[in-house]
Number of protein chains: 6
Amino acid sequence: MILKIINPNTSSSMTRNIGLTAQQVAASGTKVISTNPDSGPLSIESLTDEAISVVGVLEEIKKGENEKVDAYIIACFGDPGLYPSRELTKAPVIGIAEAAFHLATLVATNFTIVTTLQRTCHIAERLLQLYGFENQCKNIRATDIPVLDLLDDDAKFYDMLLTECQLAKDEDKTGAIVLGCGGMSGFTKQLQEELQMPVIDGVTAAVKLAESIVNLGLYTSKRGTYEYPPKKIFTGSFKHFSS
Amino acid sequence: MILKIINPNTSSSMTRNIGLTAQQVAASGTKVISTNPDSGPLSIESLTDEAISVVGVLEEIKKGENEKVDAYIIACFGDPGLYPSRELTKAPVIGIAEAAFHLATLVATNFTIVTTLQRTCHIAERLLQLYGFENQCKNIRATDIPVLDLLDDDAKFYDMLLTECQLAKDEDKTGAIVLGCGGMSGFTKQLQEELQMPVIDGVTAAVKLAESIVNLGLYTSKRGTYEYPPKKIFTGSFKHFSS
Amino acid sequence: MILKIINPNTSSSMTRNIGLTAQQVAASGTKVISTNPDSGPLSIESLTDEAISVVGVLEEIKKGENEKVDAYIIACFGDPGLYPSRELTKAPVIGIAEAAFHLATLVATNFTIVTTLQRTCHIAERLLQLYGFENQCKNIRATDIPVLDLLDDDAKFYDMLLTECQLAKDEDKTGAIVLGCGGMSGFTKQLQEELQMPVIDGVTAAVKLAESIVNLGLYTSKRGTYEYPPKKIFTGSFKHFSS
Amino acid sequence: MILKIINPNTSSSMTRNIGLTAQQVAASGTKVISTNPDSGPLSIESLTDEAISVVGVLEEIKKGENEKVDAYIIACFGDPGLYPSRELTKAPVIGIAEAAFHLATLVATNFTIVTTLQRTCHIAERLLQLYGFENQCKNIRATDIPVLDLLDDDAKFYDMLLTECQLAKDEDKTGAIVLGCGGMSGFTKQLQEELQMPVIDGVTAAVKLAESIVNLGLYTSKRGTYEYPPKKIFTGSFKHFSS
Amino acid sequence: MILKIINPNTSSSMTRNIGLTAQQVAASGTKVISTNPDSGPLSIESLTDEAISVVGVLEEIKKGENEKVDAYIIACFGDPGLYPSRELTKAPVIGIAEAAFHLATLVATNFTIVTTLQRTCHIAERLLQLYGFENQCKNIRATDIPVLDLLDDDAKFYDMLLTECQLAKDEDKTGAIVLGCGGMSGFTKQLQEELQMPVIDGVTAAVKLAESIVNLGLYTSKRGTYEYPPKKIFTGSFKHFSS
Amino acid sequence: MILKIINPNTSSSMTRNIGLTAQQVAASGTKVISTNPDSGPLSIESLTDEAISVVGVLEEIKKGENEKVDAYIIACFGDPGLYPSRELTKAPVIGIAEAAFHLATLVATNFTIVTTLQRTCHIAERLLQLYGFENQCKNIRATDIPVLDLLDDDAKFYDMLLTECQLAKDEDKTGAIVLGCGGMSGFTKQLQEELQMPVIDGVTAAVKLAESIVNLGLYTSKRGTYEYPPKKIFTGSFKHFSS
């Protein structure tokens, strides 16, 4: 089974990290391909960054259709391009935010999201509302760590994360932590150990959900919303999207 | 990994069927134990049946704690005893209704539940509300097939199911079908083939979700609601629940 | 009119207290029978306690059908077994949590629940959601008084309750207090006097609601969800539930 | 105990009917006073009728404060003036719509409202939303019987009501009927008999709820929203409202 | 185009202020008439004040129908009489609370209301719920400035307002301020300048929305809820409302 | 005042039509610029089309910042790129779907959307949920007219639209019609005339809302979500988005 993990930003070191994290939990029969678009933002910290990144995500999905990909993961916590991606393929497409939310509600009655910048909290709020997890989320906490700084493997950032998680535990009286950035995956185990409560990382959660769906013979429904798009002419720099 | 599937009713032939279905999708390293309580209703078709069945479910969980069980599945569509079960163990406990809902929303924007008796539709409604899937469920359709009749492997029942699924497809314009009874598992593949859309069975969905959670090193949170119960004296026929 | 009050735990002193409280507000023509199952938890402080207690509640309802009972009250704040109980009888069945919520919203725009252990707050949250009172509840406050300690008639516990109620008044700016445990009934009057705001106890509220429904000639609907259960074989220690 | 029932319209024959209905269910110690304002609409069939009727309701409450009234009922299905009335008195004030909704949810999992004119359905919708009963209401059905025609005691109107109730039973699969107009009270018993399901009339429901609240020593909270209004000068024809 | 602004209280100096504020933003072709009823409360600070004021509002609408009015504004933050007013005319009728909410959501993802008395916060809560803006409102803050004191043009009141707006900015992390009283209109510009964030006043917002609707040839729908009221006899002091 | 209307698809004839419609309702001092990106889908009929179109929308906003634009309109019914656009400018940005919803709720208690393809209905559902208009929308009806066919000015398409609007009027008993595609603007007046109820077109609604916001001195809040994006490197074909 081929699992293609798309990092929507263009930071190849983050792509590598995400791929390594994914590989560690993937089943023995799963071949993990991690990739990122050539064109797009180096990190995703605004609605604009996110919107632009969607083009690259869709291109990676289209490429994937010739690569015999069995399932896709979109590895940015805003799940950019999740819905349109599902139009382009019958393979399952899983966002790391939704993956984390789903598993969190199976192990705790509620959870707190610990994310990067304050300004991105609203993106998480919208996802919770769209997906139906509003009641289960106790709080969204920002650490104000810039996304790419998470690659530095600096103890300082781990400490900032830990501090906010402790507040989630003590003040929110939350049942589980959801890490709100693909770049935080590497800290999951250590945080869970130190906090003594479930800490959910979307990347690894998405790997297992994608494998689950493929193994069950399920696939993205082509009835209704996720039907393949109608034939369409695209102009200019998007000409290659024409069908 | 030991996966214990608890059929909350006392029909051993249904337990066997559910166990076989589960085994078919389980990973090679997963040992599936399917069981049912000695005491309880022969099938679950009312709120009373469901309420009584919970005692047996909890007893099976308690037994499981001495059996080195890694994850539990409650294999009745009302998810009876799901929340109290999570108090009694750190292992994940997955209900087949919640499992089906979670996977359905990952492959379609909405789904229709096709279940047994009309009177049980309200149970499903309450679960959707508690879990946060109200907006994603298009309709709940009753076939009025009694639960145990599903064991008869009678083509008549398959046809009744198929008819209702077709209505879900055409009238509800739904994106996926969720089968609303553990006893329907055997029909999943054939229905999916014939309907040409995702058909989700909670038993197999729960197997993969339980494996996913165990593989990720996650566990039922012991913070807040699912904390182990305080020491307690039980009297009379429930004396063995004392701690 | 015969009003049967079922204390779902097996503490007979609590049963007696609840019965006395109920008798004080019952109409002259109402005969109050207070009882508790022989088998079950001595107090209800977890989801497991609650789930096991339901069996005893249902047995008391079934016995009640031969005792010419006109209405039932389930006197534990989680309303354990409320819905299945309504299947077993045409008489009204009232839970003390729902009773308190209903009356609270008739005398104030919002209310705060003051309950026993922190871990039970989530039970109240789920009831508010199921019953439709989420918007009217300002807060749920735990005193962390163990349920049976409330029987001690210790001034210390009254003071702990009062302290939390004062916080509800001052910090939540709440309009009314709902007492979140049947064992708190005895404190209601004194608290209301001292706080100068409505304090609602579910036991007495349920008595008046049950009388109201009986006096109006209303009864539990046998259309849909609360229809009598279909004939069913129960096995083992639950054989007596067979019909 | 003095119970003042305010019919917000100025039809004295409807006032008399409502009073008789109320008296039939009132406890022996309850003195029912039924009244209507001198000024206002002869019946309430629009938002304008309702808005104007509120002035008379508030005047009746103010008069009631000198009449040693223990509880008030507002006997029009839109509950006109319910919230401001609660500012003017510490006695409980119950609207017949809210009363019917509360009792309906205690005897059935859901209900259908059968009312007069189509155009008033939206009033009921807003009340359901404000009170938190949106999920429990299956449908709102209009008979298009003008309010005052209900006084004619004409078999034709009973038949029109019955027809709509039957549709509620068969098509909505509803658990209980709520009658959506004070003028329908007289038909309650006969409908319940013929339909074999609970039929709830707000007038009698409100009588029992008002008695319940008074008997429990509860009262309208003077904390927050229902605090007595601040001193105020009213001018012109409303000068008498000055304080 | 004639725009009639109805101040529902009887303070003519407030009416004058509101009229001036409105005139400043009105288009050159818009003739602003500001008026208030002769009868009613001098200011609106309770549900009772609000309820009584509705009569005067409706009378002003009825008069307006002979004055060739093209659009109406109800200039009190509780939008008193908004829905019945819409029955009486085909011209648009805009409440200043709804106007402010609509525009706030077009310039920010959320807003905080800063209003007068604590006791009126619940009025705003109900409006947010009825209109569908619950999720967008971060907080409702009371300054406890009496309504008529706002006319004093006293620096003290500006400072009290500013203080609360600063808290909204810093503690609520809100995106915009909605001023919760028609009497605050005069402070809008200065507050926006000092806070460096959008401050929305309902009076001016309503002027532009009313003009927009008229210019687009839209009008109050006479289908359903806002249909003209049926013919009706009114008695006593409301005889003039008969049709 | 310069108002830039961005048609997110690349059909210049649709851009021209939209510009003409907008100009007809714009104030005399408003200069309307209508434009479309060079690159992108020729029409927007899928989530993919919509996602790709966002890049062009954002480029037009960035260009607009050098063109002294006072307000922007995004003229496609899915409001593509609305939220990120608001990050890039302090000028108001209005989507035609939100504009239509806002005005519809000011003239009717509910509305029905009549749109193009069935598959796009879900886009409208998500917008209603995000914006808070779920309760006010009675129905979403698809005509299954392809977007570009609307340019043909063919009586057949008008008739198809009219038919669906009539069903909205008769079956949904809706209060107003919202046209669900920028390409339908030209039919608004005729439909409103023939249906005798308000018909709202988002393009013209957005023009008036944008003018309103500018005239009131309001602007997109730079507090929180819509803050300018942080400095960022974009790579490849999106290099020009770097800041």
Side-chain angles (χ1 to χ4, degrees), chain A residues 9-11 36-58 61-62 80-88 117-123 125-126 129-130 146-148 224-239 241-243, chain F residues 9-11 36-58 61-62 80-88 117-123 125-126 129-130 146-148 224-239 241-243:
Chain A
N9 74 33
T10 56
S11 157
N36 60 259
D38 293 330
S39 299
L42 204 53
S43 68
I44 298 180
E45 297 176 317
S46 69
L47 298 162
T48 301
D49 296 346
E50 186 179 80
I52 301 297
S53 78
V54 171
V55 176
V57 170
L58 298 182
I61 300 279
K62 283 173 79 81
L82 179 62
Y83 294 143
S85 291
R86 286 183 177 150
E87 284 182 342
L88 299 179
L117 307 189
Q118 182 67 45
R119 64 178 298 149
T120 64
C121 291
H122 194 74
I123 300 181
E125 274 177 50
R126 283 199 179 116
Q129 190 186 349
L130 280 173
V147 168
L148 292 183
T225 314
Y226 300 143
E227 212 179 320
Y228 289 107
K231 278 181 87 69
K232 181 70 36 86
I233 295 167
F234 282 74
T235 60
S237 56
F238 298 120
K239 211 165 29 185
F241 275 98
S242 297
S243 56
Chain F
N9 74 32
T10 55
S11 157
N36 60 259
D38 292 331
S39 299
L42 206 51
S43 68
I44 297 180
E45 296 176 318
S46 69
L47 297 162
T48 301
D49 297 346
E50 187 180 78
I52 301 296
S53 79
V54 171
V55 176
V57 170
L58 297 182
I61 300 278
K62 284 173 78 79
L82 179 62
Y83 295 142
S85 291
R86 285 182 179 152
E87 284 182 340
L88 299 179
L117 306 188
Q118 182 67 46
R119 64 177 300 149
T120 63
C121 290
H122 194 74
I123 301 181
E125 273 177 50
R126 283 198 180 117
Q129 189 186 349
L130 281 173
V147 169
L148 292 184
T225 314
Y226 299 143
E227 213 179 321
Y228 288 107
K231 278 181 87 68
K232 182 69 37 85
I233 295 167
F234 282 75
T235 60
S237 57
F238 298 120
K239 212 165 25 186
F241 275 99
S242 297
S243 55

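Here is the naming used below: chain letters follow the sequence lines, and residue numbers restart at 1 for every chain.
Contact count against chain F (heavy-atom pairs under 4.5 Å) is highest for A:P230 among A:A51, A:G224, A:P230. In terms of non-hydrogen atom pairs under 4.5 Å with chain A, the most contact-rich of F:V54, F:I123, F:D38 is F:D38. The greatest number of non-hydrogen atom pairs below 4.5 Å with chain F, out of A:E50, A:Q118, A:E45, is found for A:E45. Counting heavy-atom pairs closer than 4.5 Å to chain A, the top-ranked of the candidates F:E227, F:R86, F:K239 is F:E227. For the options F:I52, F:T225, F:L148, heavy-atom pairs under 4.5 Å to chain A are most numerous at F:I52. No other option in F:S242, F:S85, F:S237 has as many heavy-atom pairs under 4.5 Å with chain A as F:S237.
Summarising the geometry, atom CZ belonging to A:R119 is positioned 11.5 Å from atom OH belonging to F:Y228; distances are rounded to the nearest 0.5 Å. Rounded to the nearest 0.5 Å, atoms CG (F:D49) and CZ (A:F234) are 4.5 Å apart.
No side-chain donor from either of A:S46 and F:K232 sits under 3.5 Å from a side-chain acceptor of the other.
No donor-acceptor pair under 3.5 Å is formed between the side chain of F:T10 and the backbone N or O of A:T235.
Contacts between F:S43 and chain A at a heavy-atom distance below 4.5 Å involve backbone atoms as well as side-chain atoms. Both the backbone and the side chain of F:I233 come within contact range of chain A, with heavy atoms under 4.5 Å apart. In this structure, the portions of F:Y83 lying under 4.5 Å from any heavy atom of chain A include both its backbone and its side chain. For A:L130, the parts lying near chain F are the backbone and the side chain together; criterion is any non-hydrogen pair under 4.5 Å.
Taking both residues in full, the closest heavy atoms of F:F238 and A:G40 are given as CD1-N, 3.8 Å, listed atom of the first, atom of the second, then distance.
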